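Worksheet: one structure, shown below.
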Amino acid sequence: MIDSNLLLDQPDAVVAALARKGVSSETVLSARQALIQRRSILSEVEGLRAEMNRRSKQVGKLISSGDPSAEQERLALADLKSRIAEKEAELREAEKNSRSHLLMLPNLPSPEAPEGLDESCNVILRVEGPPADRFNPADYRPHWEIAAALGIYDPERAAKLSGSGFSLLYGDGARLIRALIQFGLDLNRDTYREVLVPHMVRSEVFEGTGHLPKFAEDAYNTTLDDLWLVPTGEVPLTGMHRGELFEADELPKRYMAYSVCFRREAGSAGKDTRGLQRLHEFHKVELVRICTPETVQDEFDGLLADAEKPLQLLELPYRVVDLAAGDLTFSSSRIFDLEVYSPGVDRWLEVSSVGNFTDFQPRRSNIRYRVGSGQTRAPYYLNGSALATPRMWAAVIEHGQRQDGTVELPSALVPYMGGKKVLEPEM
RNA sequence: GGAGACUUCGCCUAGUCUGGUCUAUGGCGCCGCACUGCUAAUGCGGUUGGGGUCUUAAAGCCCCUCCCGGGUUCGAAUCCCGGAGUCUCCGCCA
C-alpha cells in the first residue's frame, strides 16, 4: 500500500499521481479522511490508556499498603475501563475503515511512466531480433494448427478434463515446455537463487502482493482451507519474507522460481483465446529482486536484460513497451512489457512484464530492512518473467515451422531436447 | 486423525508454577568510544520494533508490542478460552 504519511502530508501530490492511473480524487481524499479520523481517535484512546496505567499502578500500592481509599479508587478504575472499551471499539472501526480504503489505492506510477490512461498510450521503446516485417503472415500457420497436426497438442481432451482454457500436450510438445523451463532457469542460475515454492498460499500472502482484496475473482481458491492458487511465482517469492527485517548488507536479494500459474482470467473471455495464448494454468520461470531505493535503477536494468536474454538466444523478434501510467498494474509503478512477435497470429504477445513495484508490496507485507541504527525502511521489489510458457512455446513453434509441417528448433534449445533439432509428426 | 511439548525485543535464551518492583535477563550480532602502527583481541557504553505528540531538527513525553484473537482482573509475558505455527511420539499414507 502507499505510504500513509505521504497521503496525510502531501494529498495533492498523491491525488495528482493516482489521477494518472485513473483514480478519482474523491477516492484518494476519502482514504485520507479515514486516516485522519483514525489518528484523532487513536490520540484519545492513548490518553485514556495513559491515565489508566498511571492510576492502576497507584492502586496496587494503595492495596498493598492497606490504604482504605484503595477500594474506592479500584471501582473508579473499573468505570474508566469501560469508557476505554467504548473508545477502543470506535478505534477498531476506524482502523478497519482506513485500512480498507488504503488497500484499494494502487501504487503511485513513476513520474517517468508515459502519460495516458490506456494501452493506446504505451510507448514502444525498441524492436529487437529479426525484423518483424520480414514475416508475411500469409506464409505462417498458427501454432495450434501446427501442433495439432504434429500430434503434440490435444485441445479436445484438455477440455474433456478441465474445460476451455487448459492444454494437454504429448511427446515433444510436453518435453518442449520442460526444455524451455530448464533453459530459463539455467540462464539465470548465476544471478538468482532458485526456490521451489508452494503453489497454494494464505490470504495474507495474496493481500501482501496486492492480489487481494481487489482482485479476488481473478484467482482460484480452496474454500475448505482458505488457500489461494498462485497466479505467478512472484506471490510466494515476495510473500516468503513477510514480517521479516533484513540487515542492509543482505540486499540485494535475487530469487527465481519455476512455478505453475493459475489464473481464472475473469473478464477476458474470448480475448486471444485460440490455442495456447491464454490459459488458466501454465508454467513459468519468475525472477524477483529485492533491493534498496539507491540501487533500484541498476537492478531494474539488470532484470530487464535477464528477461530479454531468452528471446535473444531463441532468435525471436520482440519489442520493449513502456506502459502508460493508466495501463500499469495495481501494484506497479513502472513496467516494461516484452512482447514476442507471433507470425502465425500476426500479433505481439506479452511474454514478460518487467516491473518496479517500489515499496508497495513490502509495506503491505511488513517487510523491512535496517537503515543505520534504529531506523527501518521498506525495500524495493522488482519482478519479471524469465521465461513464460506457453507463449514462448507457441512462438518457438510458429517461427520454426517449415513448409512440410515440421518445426525446426532454435539451436539454444537443442541440448534441452536431447539433441533433437526438428519436431516431426508423432503417432 | 490422536497424545504431548513448545512459540519472549535481528538470532539464541532467562522469566510463566506463585499476576504489580518485567521500564523483560544474559549471550551472539551490530553501533560508538578507549587501547593498539594496522587488523585481531580486550575494556566501557549503546542497541526490540511499530505508532502518537512536540520540534526546523534532536531530545523528551505517551501508547502499543513477549505467536495471533478473545476473556478474567484496578493491573496479564505470567491465569482462562479459541486459533495459527514448530517439534516429538502414535495412526494412516505416496
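Letters go in sequence order (proteins before strands), and every chain restarts at 1. The structure displayed is predicted, hence computed values, not measured ones.
Shown here, B/G85 forms a base pair with B/C6; the pair counts as Watson-Crick or G-U wobble because both key distances fall under 3.5 Å. Pairing for B/C30 goes to B/G46, judged as Watson-Crick or G-U wobble with the two contacts each under 3.5 Å. In a base pair of the Watson-Crick type (N1 to N3 plus N6-O4 or O6-N4) or a G-U wobble (N1-O2 and O6-N3), with each distance short of 3.5 Å, B/C61 is matched with B/G52. In this entry B/U16 has no Watson-Crick or G-U wobble partner, no candidate having both defining distances under 3.5 Å. Look at B/A24: it lacks any Watson-Crick or wobble partner with both distances under 3.5 angstrom. Pair assignment for B/C93 gives none, since no Watson-Crick or G-U wobble pairing has each distance under 3.5 Å. In a base pair of the Watson-Crick type (N1 to N3 plus N6-O4 or O6-N4) or a G-U wobble (N1-O2 and O6-N3), with each distance short of 3.5 Å, B/G37 is matched with no nucleotide.
To the nearest whole angstrom, the two C1' atoms, one in B/U25 and one in B/C79, are 23 Å apart. Taking atom C1' on both B/A84 and B/U21, the two are 34 Å apart, rounded to the nearest angstrom. Look at the P atom in both B/C6 and B/C80: the space between them is 12 Å, to the nearest Å. Here, B/U16 and B/U78 have their P atoms 12 Å apart, quoted to the whole Å. With C1' as the reference atom, B/G71 and B/G19 are 15 Å apart, rounded to whole Å. When the C1' atom is used for both B/A77 and B/C92, the distance is 38 Å, rounded to whole Å. Taking atom P on both B/G91 and B/C12, the two are 32 Å apart, rounded to the nearest angstrom. A gap of 25 Å separates the P atoms of B/G51 and B/G46, to the nearest Å.
For A/R368 and B/G10, the shortest distance from a side-chain N or O to OP1 or OP2 is not below 4.0 Å. The side chain of A/R39 contributes an N or O atom lying less than 4.0 Å from OP1 or OP2 of B/G52.
Between A/F357 and A/N383, some side-chain heavy-atom pair lies under the 4.5 Å cut-off. A/V230 places a side-chain heavy atom less than 4.5 Å from the side chain of A/V201. Side chains of A/K57 and A/R54 form no contact here, defined as non-hydrogen atoms less than 4.5 Å apart.
Between the CD atom of A/E244 and the P atom of B/G49 there is a distance of 16 Å, given to the nearest Å. Rounded to whole Å, the distance from CD on A/E95 to C1' on B/C64 is 10 Å. Residue A/D249 contributes atom CG, which lies 16 Å from atom P of B/G10 at whole-angstrom precision. Look at CZ on A/R38: it is 11 Å from C1' on B/C64, rounded to the nearest Å. One can place CG of A/L42 at 12 Å from P of B/C63, the figure rounded to the nearest angstrom. Protein atom CG of A/N5 is 12 Å distant from nucleotide atom P of B/G50, rounded to whole Å. Rounded to an integer number of Å, the gap from A/R54 CZ to B/C63 C1' is 14 Å. Computed from coordinates, the A/R242 CZ to B/G10 P distance equals 17 Å when rounded to whole Å.
At distances below 3.5 Å, at least one donor-acceptor pair connects side-chain atoms of A/N356 with backbone N or O atoms of A/T358.
Backbone-only contact: A/N53 has heavy atoms under 4.0 Å from sugar-phosphate atoms and none from a base.
Using a cut-off of 4.0 Å between Lys/Arg side-chain N and Asp/Glu carboxylate O, A/R278 and A/E265 are scored as salt-bridged. Using a 4.0 Å cut-off between a side-chain N of Lys or Arg and a carboxylate O of Asp or Glu, A/R55 and A/E73 qualify as a salt bridge.
For the side-chain contact (heavy atoms from CB on, under 4.5 Å) criterion with A/K21, the lone passing option out of A/T329, A/L117, A/L105, A/N107 is A/N107.
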Show me, pair by pair, the donor-acceptor contacts under 3.5 angstrom made by side chains of residues 41-49 of chain A, not counting sequence neighbours?
| residue | atom | partner | partner atom | Å |
| --- | --- | --- | --- | --- |
| A/E44 | OE1 | A/K87 | NZ | 3.0 |
| A/R49 | NH1 | A/E88 | OE2 | 2.5 |

Q. Can you give one letter per nucleotide of nucleotides 67-84 of chain B, 5' to 3': B if a protein heavy atom sits under 4.0 Å from the base, S if only from the sugar-phosphate, - if neither?
A. ------BBS--------S
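For A/A50 and A/K61, each mapped to the nucleotide of RNA chain B holding its nearest heavy atom, the one lying further toward the 5' end belongs to A/K61.
Residue A/L77 holds its CG atom at 9.0 Å from CD of A/Q58, rounded to the nearest 0.5 Å.
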